[in-house]
> 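Could you have a look at this structure, given as structure tokens, before my questions?
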Amino acid sequence: MSKHSNLRPWAVWSTAALTALTISLSPVGTYAAQAATVEVSGTTSAVQSTSPSTPARNTSIPALPQSSKQSALPNVLVIGTGGTIAGQSEDATSFQNYKAGTLPIEEMVDALPDKQKIADVSTLQFGNSGSGSYTMADLYDLSLTVDKALAQYDSVVVTTGTDTMEEIAYFLDMTVQSDKPVVITGSMRPWTVIGSDAQANLYNAIKLAGSGRTTSFGTVLMLNDTIQLARGVTKTNDYRTDTFETPMLGAVGYIDEENIRIYRAPARALKPEGTAKPAFDLSKITKADLAKVEIAISYQEAGGEAIEGFVRGGAKGIVTSGTGAGGISRAMGQARTKAIEEGVIFVTTTRTGSGSVYGGGNGVIAGDNLSPQQARILLMLGLSFSDDFDTIKKWFETYGTPEV
């Protein structure tokens, strides 16, 4: 592939065809994980797959180029994990008929025009899968890789699929220990279709990361020219490019070409640098310590079998996605009471999409305005570091409810 700054998005098609010779592709339009070995420029070791059914994950950080050390520009590492942003469409107008997680992140970055004006950019291909194909153990590796990268790079951009981006972002937000900027981005349209949002999102994510404007913000999302905190953000539509919103609280800022505007900041950004690190330092636990936590949704006459099944399956914690202000059915309530007696910790949230849940009690923690899926991430991390109810409850009252 010719590496010209004015390379058009569809010029990567020939590269994708070559990539297809080495990457095992599932049928076009699916989001299956890629169990592929990916060659990444600048890495120090080969990608290894632990089993034939386990996709390869590359955690080897490329050395910071000497030219970047001498440059006045910020240096940014873009870590690619796949998703729609790396999607290969069937043709130039196949907005929905495409293979996610196909194009290499190195060639996507090379195709961006004028990036030399905003940052010195290096790349790492962590994986190339749809976001839902990543396990919690994979996210453990990804978080440690981000922290390791930030030991030498000024900032990191992570590209992912949008389906579970809000969970991946919140996991990074709660575990990455560095105060340096971490920006996560993706797209709703594949790289190779007309009018794709992929190129603009990647370019603006690099611009935001390099600007340093989100130092000590934790992980932020940058899509559709809009900057969102990881906590509270959610995908609200399955097709529209303005899908990500933060109910009740709203975005923190916007990018309009040269203008990066930040209008509000998280509580952690107001504290002295280095003092607001999240409690969940993954270097202190192993992947085997990651707790099993599930979500049970309530609805008209919902049975208690889901909770009972999760307990039998080994869940240490369960998040209930309740009606209204967190209500659950009588049968679910009975199953919850029994599970609490067996030592399972519950977090109560609402299925409405916005609103705060208060209260709690014996064995039950209020999830405030966390979505069920983000409450699950926090409960999972809490249970991975402690089995003490009061300690986990305190984490929900601080990290889970970051009031200013």
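The basis for the numbers below is simple: all heavy atoms, side chains too, and nothing from hydrogens, waters or symmetry mates.
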> Using the side-chain hydrogen bond (donor to acceptor under 3.5 Å, both in side chains) criterion, which residues pair with Thr164? Sequence neighbours excluded.
Ser131

> Please answer whether the main-chain N or O of Gly250 pairs with a side-chain N or O of Arg264 as donor and acceptor at a distance below 3.5 Å.
yes

> Of all residues at least two apart in sequence or in a different chain, which pass the side-chain hydrogen bond (donor to acceptor under 3.5 Å, both in side chains) check with Tyr239?
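Counting only residues at least two positions away or on another chain, Tyr239 forms a side-chain hydrogen bond (donor to acceptor under 3.5 Å, both in side chains) with Gln96.
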
> Roughly how far, to the nearest 0.5 Å, is OH of Tyr399 from CG of Leu378?
10.0 Å

> Mark yes when over 12 heavy atoms from residues, nucleotides or ligands other than Glu342 sit less than 6.0 Å from its CD; otherwise mark no.
yes

> List the atom of Leu103, the atom of Gly87, and the distance in Å for their closest heavy-atom pair.
CD1-O, 3.8 Å

> Could you list the residues that satisfy side-chain hydrogen bond (donor to acceptor under 3.5 Å, both in side chains) with Asp387, not counting sequence neighbours?
none

> Just by distance, do the side chain of Asp138 and the backbone of Thr135 share a donor-acceptor pair under 3.5 Å?
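Yes.
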
> Rounded to the nearest 0.5 Å, how far apart are OG1 of Thr185 and CZ of Phe244?
9.0 Å

> Any side-chain donor paired with an acceptor under 3.5 Å for Thr192 and Ser89?
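Distance-only check passes for Thr192 and Ser89.
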
> May I ask you to decide if Ile260's main-chain N or O and Arg213's side chain share a donor-acceptor pair within less than 3.5 Å?
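Yes: the side chain of Arg213 pairs with the backbone of Ile260.
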
> Does Gln199 use its side chain to pair, donor to acceptor, with the backbone of Trp191 at less than 3.5 Å?
yes

> With no hydrogens and no angle check, do the side chains of Glu106 and Thr123 hold a donor and an acceptor under 3.5 Å apart?
no

> Quick one: side-chain hydrogen bond (donor to acceptor under 3.5 Å, both in side chains) partners of Arg231, sequence neighbours excluded?
Asn369

> Looking only at heavy atoms, which two atoms of Ala325 and Val357 are closest? And how far apart?
O-CG1, 3.7 Å

> Between the side chain of Thr215 and the main-chain N/O of Gly212, is any donor-acceptor distance below 3.5 Å?
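Checked: pair present.
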
> Is the NZ atom of Lys277 crowded by more than 12 outside heavy atoms at less than 6.0 Å?
yes

> If you look only at pairs with a residue in residues 233-251, which of them pass as a salt bridge (Lys or Arg N to Asp or Glu O under 4.0 Å), with sequence neighbours excluded?
Asp163-Lys235

> Taking side chain as C-beta onward, heavy atoms only, is Leu73 less than 4.5 Å from Ile118?
no

> Looking only at atom types and distance, does a side-chain atom of Ser196 sit under 3.5 Å from a main-chain N or O of Pro190, one as donor and one as acceptor?
yes

> Judged by atom type as modelled, is there a donor-acceptor pair below 3.5 Å linking the side chain of Arg189 to the main-chain atoms of Gly195?
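Present.
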
> Please tell me if the side chains of Val364 and Arg336 come closer than 4.5 Å, counting only heavy atoms from C-beta onward.
yes

> Looking at every heavy atom in both Thr159 and Gly80, which two are closest together, and how far apart are they?
OG1-CA, 3.2 Å

> Pro181 and Leu150: which non-hydrogen atoms are nearest, and at how many Å?
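Here Pro181 and Leu150 meet closest at O-CD2, 4.1 Å.
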
> Measure the CG-CE distance between Asn237 and Met188 for me, rounded to the nearest 0.5 Å.
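Interatomic distance, Asn237 CG to Met188 CE, rounded to 0.5 Å: 6.5 Å.
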
> Could you please spell out the steps behind the side chain to side chain contact (heavy atoms under 4.5 Å, CB included) verdict for Leu282 and Ile285?
CA-CA 5 Å; Leu282 296 181; Ile285 65 171; 4.0 Å; yes

> Just by modelled atom types, is the Tyr153 backbone N or O under 3.5 Å from a matching donor or acceptor in the Lys180 side chain?
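Confirmed, Lys180 side chain pairs with Tyr153 backbone.
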
> Any side-chain heavy atom of Leu383 within less than 4.5 Å of one from Lys292?
no

> Mind checking whether Leu142 and Ile168 have side chains closer than 4.5 Å, heavy atoms only?
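A side-chain contact under 4.5 Å exists here.
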
> Have a look at Asp141 and tell me which of Arg57, Lys287, Lys148 forms a salt bridge (charged side-chain N to carboxylate O under 4.0 Å, His left out) with it.
Lys287

> Among side-chain atoms of Ser283 and Asp281, is any donor-acceptor pair under 3.5 angstrom?
yes

> So, do Asn204 and Leu208 sit near enough that their side-chain heavy atoms are less than 4.5 Å apart?
no

> With side chain to side chain contact (heavy atoms under 4.5 Å, CB included) as the criterion, how do Leu229 and Arg268 come out once you've worked through the C-alpha distance, each side chain's angles and the decisive distance to 0.1 Å?
CA-CA 12 Å; Leu229 297 180; Arg268 66 198 291 179; over 6 Å; no

> Do Thr162 and Leu223 come within less than 4.5 Å of each other through their side chains, counting heavy atoms only?
yes

> For Pro247 and Gly232, which heavy atoms make the closest approach, and how far apart are they?
CD-O, 3.5 Å

> What's the separation between atom CD in Glu166 and atom OG1 in Thr160, rounded to the nearest 0.5 Å?
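These two atoms lie 10.5 Å from each other.
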
> Quick check: do Tyr254 and Thr226 have side-chain heavy atoms less than 4.5 Å from each other?
yes

> Not counting sequence neighbours, list each pair that qualifies as a ring pair (Phe, Tyr, Trp, His ring centres under 6.0 Å) and has a residue in residues 351-392.
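Of all non-adjacent pairs touching residues 351-392, those that pass ring pair (Phe, Tyr, Trp, His ring centres under 6.0 Å) are Phe280-Phe385.
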
> About how many Å separate CG of Leu379 and OG of Ser384, when rounded to the nearest 0.5 Å?
9.0 Å

> Could you check whether Ser94 and Asn97, counting side-chain N and O atoms only, form a donor-acceptor pair closer than 3.5 Å?
no

> Taking the side chain from Thr350 and the backbone from Gly324, do they hold a donor-acceptor pair closer than 3.5 Å?
yes

> Begin with the C-alpha distance, continue with both residues' side-chain angles, and end with the deciding distance and a verdict on side chain to side chain contact (heavy atoms under 4.5 Å, CB included) for Arg351 and Thr323.
CA-CA 6 Å; Arg351 72 178 197 181; Thr323 56; 3.7 Å; yes

> Is it the case that Asp120 and Ser71 place a side-chain donor and acceptor less than 3.5 Å from each other?
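A pair is found: one side chain offers a donor N or O, the other an acceptor, under 3.5 Å apart.
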
> Determine, stepwise, if the pair Val156 / Val176 fulfils side chain to side chain contact (heavy atoms under 4.5 Å, CB included).
CA-CA 11 Å; Val156 164; Val176 171; over 6 Å; no

> Side chains of Met222 and Asn201: closer than 4.5 Å at any heavy-atom pair?
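Yes, at least one pair of side-chain atoms sits under 4.5 Å.
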
> Just verifying a value: how many Å separate Thr348 OG1 and Asp368 CG, rounded to the nearest 0.5 Å?
11.5 Å

> If you take all heavy atoms of Gly322 and Ser298, which pair is closest and at what distance?
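The pair with the smallest heavy-atom distance is CA-CB, 4.2 Å.
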
> Judged by atom type as modelled, is there a donor-acceptor pair below 3.5 Å linking the side chain of Gln334 to the main-chain atoms of Gly304?
no

